[in-house]
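Data first, discussion second: the structure below is written as structure tokens.
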Amino acid sequence: MKYFDIGKPFNTEAVINYEHIQVSESIKPFDLKRDESIVLTYKMAKDEIIYGLGENMRGINKRGGIYESFCSDDPTHLPDRKSLYGAHNFFLIDGIKSLGIFIDFPSKVTFDMGFTHPNEMVITIHGLDARVFLIEGSKNEIVHKFLKAIGPSYLPPKWAFGYQQSRWSYETADKIKEIKDTFNEKDMPLDTIYMDIDYMDDFKNFTISEERFPNFKNFVQEMKADGIRLIPIIDAGCKIEKDYEIYEEGIENNYYCLNEKGQPFVGAVWPGKVHFPDFLNQDARRWFGDHYSKLVDLGIDGFWNDMNEPAIFYSENGLNEAIDYAINSKGKNLGIYDFFTLKDKFMAMANNDQDYKAFYHQVDGKRYNHYDLHNLYGYNMTRAAGEGFLRNYPDKRILMFSRASYIGMHRYGGIWTGDNHAWWEHLLLNIKMMPSLNMCGFKYSGADIGGFGAHSSSELLIRWSQFAMFTPLFRNHSAMGTRIQEPVSFDDETVDTLRHILKFRNALVSHIYSQFMMKNKTYEMLFKPLSFEYDDPASKNVEDQILFGDLMLMPVYEANAKGRYVYLPKDYVVWRIQSFEDYRMDLYMPGHHYIEAELNETIIGLKKDCLILLNQPENRVDDISLDRMTCIGYIENEASYQLYSDDGETFEEGQTMTVTITYDKQLEFSVENPLCKEIVYDVMTSDNRRHKGVYHV
Ligand code: MIG
């Protein structure tokens, strides 16, 4: 791995491990131009594929599109949307040789990946100083080197791998209790309930509405007694209000971003007028990070950071300008252009570049314009929280994920992919996005299951849950005004189907958790495109199946489908699951197949010589025991499986069990470092026989 500096780059702290990284003499194969901005160009060979770019629209192969890294809050992710909430400038060109590239630059970068000209890649870095990393090797080696350079992921607690229920908003303690009780009544797994902005007093960070959540500490304990953890939201902007502690402390210590004149910059978000903490200033970071403790001390074990692009509904300047323009237009016969200008004045008020250029950060005593460091804001908010947790609770894992992010933020928290919609297209997008998020370091991630905006149908929610069952963050969240989307709020048949899916996910928790912990350590992706494991030509073009370790995920993502076409590069056993107890296994030869999957069936491919261990499903992750495990597999001669397990709550190192099964007319088990007492097995062998039984360890 090498890096090449253009000008004097800002240290974003994305890359932290420089041990095997050298300075590069050139930026080949790129041509470099530097005048008003930095432009890198590269001629792409005909069949080269581009992987990566983290949270972005379009496919696993990013070629043919145009993308922009500039953390933005736009709740309508249409196919041509160029930027979402994250700025993930790492990608990989895969041709005869492979090359990984990371553009470490904290402001706007445009990636024209063969959009303007099919064979030309044009990367425009909107500034004059950047560090560009170049990584050679195979695809897997490149990602491995990159993940090592940016360091391991933060560690969420194990319960954060359970089913999580959210809604904007469950406004009162009673409502939250009711949700929990309904889940209990309907025997539906649940580990957390989210508290969206309405739990706060007037949307003020680190406050709790006395009226809607009286005696909060008791309430938290009461929920916990039933195994449910509450996860409150924290927003970036802090309300301007005299005597509000955060406001006063921030002003007193100069912790807020300042405008040109050196006064705290004013924007407006949920609480009305706010100041934005200067998360790039380490003192401010420390101060803000310590405030999370207030809630932790009340029994809260996790948070989500929102609106940290930062989203700005309007600024005083923008609003005044628009209002003046409107007043001037009053009574006039507006031509069509004047009318549109008037309309745009209001429409363009939110998240406006003019506003981003109107405030400043203090970094190590130097002043920087926000626009130039824009993509580091959400990252440093989450860093403030993450550093605070480690400082104040060094032995406790706390759930944290963020909306905005930059590469490197995964060391402090995960991400969710923001305001998607209850559209089938967004289920498919979720599938395609997982590998590229992993490439950029974000392992603890997931989308709003069922869709945030728009009304979800039961069918969409079921299909989405069948896929998301594998994403580390497994959360159903939806917006105000949309159809109630909890799995318990649908018709009986849907509730039954979702119960089976959620229970199955719970049975997978020890596996997903173990994969997360092991792959984090070895700097590998959890989700991979097929071409990262198979080098046949057809695997390169698969955009709607992905690998999760030895499992092939082949989700159904279309309405009214009763199955789907699947490409299998090798022979696979298709595991067709209705519930933990009820499933089929069928052997398929390599090639293209139509595989049936009724609405209540999840289909998963098991590759040859693979095993997977499941725990018995419970309704809470805390209740999971490893004593009795279920083993599913497909074996020709020998298959081995590792299960990592630890307490899931502290940073104490755990243990790894290895289960090996060999097959020669009959199955032979061997278990190293046993963590379980019994293995209930159901294994298919390549001679198309099924072997069922119980192995006592
Ligand atoms: O302007 O807190 O993406 O998950 O429910 C909307 C309310 C603010 C945006 C987040 C969404 C959350 C919502 N927030």
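Below, all heavy atoms of this structure are taken into account, side chains as well, without hydrogens, waters or symmetry copies. Both counts, for ligands and for their atoms, begin at 1 and track the order of listing.
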Short list, please: which atoms of ligand 1 are under 4.0 Å from a heavy atom of [X]?
| X | answer |
| --- | --- |
| D419 | 3 (O), 4 (O), 9 (C), 10 (C), 11 (C) |
| H477 | 4 (O), 5 (O), 11 (C), 12 (C) |
| F452 | 4 (O), 5 (O), 11 (C) |
| W416 | 3 (O), 4 (O), 10 (C) |
| W270 | 1 (O), 6 (C), 8 (C) |
| D306 | 2 (O), 3 (O), 8 (C), 9 (C), 10 (C), 12 (C), 13 (C), 14 (N) |
| M307 | 1 (O), 8 (C) |

Under a 4.0 Å threshold between the charged nitrogen and the carboxylate oxygen, would [Y] count as salt-bridged to [X]?
| X | Y | value |
| --- | --- | --- |
| E171 | K175 | no |
| D196 | R167 | no |
| D622 | R229 | yes |
| E316 | K273 | yes |
| E543 | K432 | yes |
| R212 | D201 | no |

Legend entry - Side chain, backbone, both or neither: W304 near ligand 1, heavy atoms under 4.0 Å: side chain
Legend entry - Contact partition for I233 relative to ligand 1, non-hydrogen atoms under 4.0 Å: side chain
Legend entry - Closest protein heavy atom (residue, atom, distance) for atom 2 (O) of ligand 1: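 For atom 2 (O) of ligand 1, the nearest protein heavy atom is D196 OD1, 2.5 Å.
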Legend entry - Validation row: D419, R403 side chains within 4.5 angstrom (heavy atoms): yes
Inset, instruction - Using the six-membered ring of W159, assess whether NZ or CZ of R397 lies under 6.0 Å from its centre and within 45 degrees of the ring axis. - result: no
Legend entry - Check: W168 N/O within less than 3.5 Å of ligand 1 N/O: no
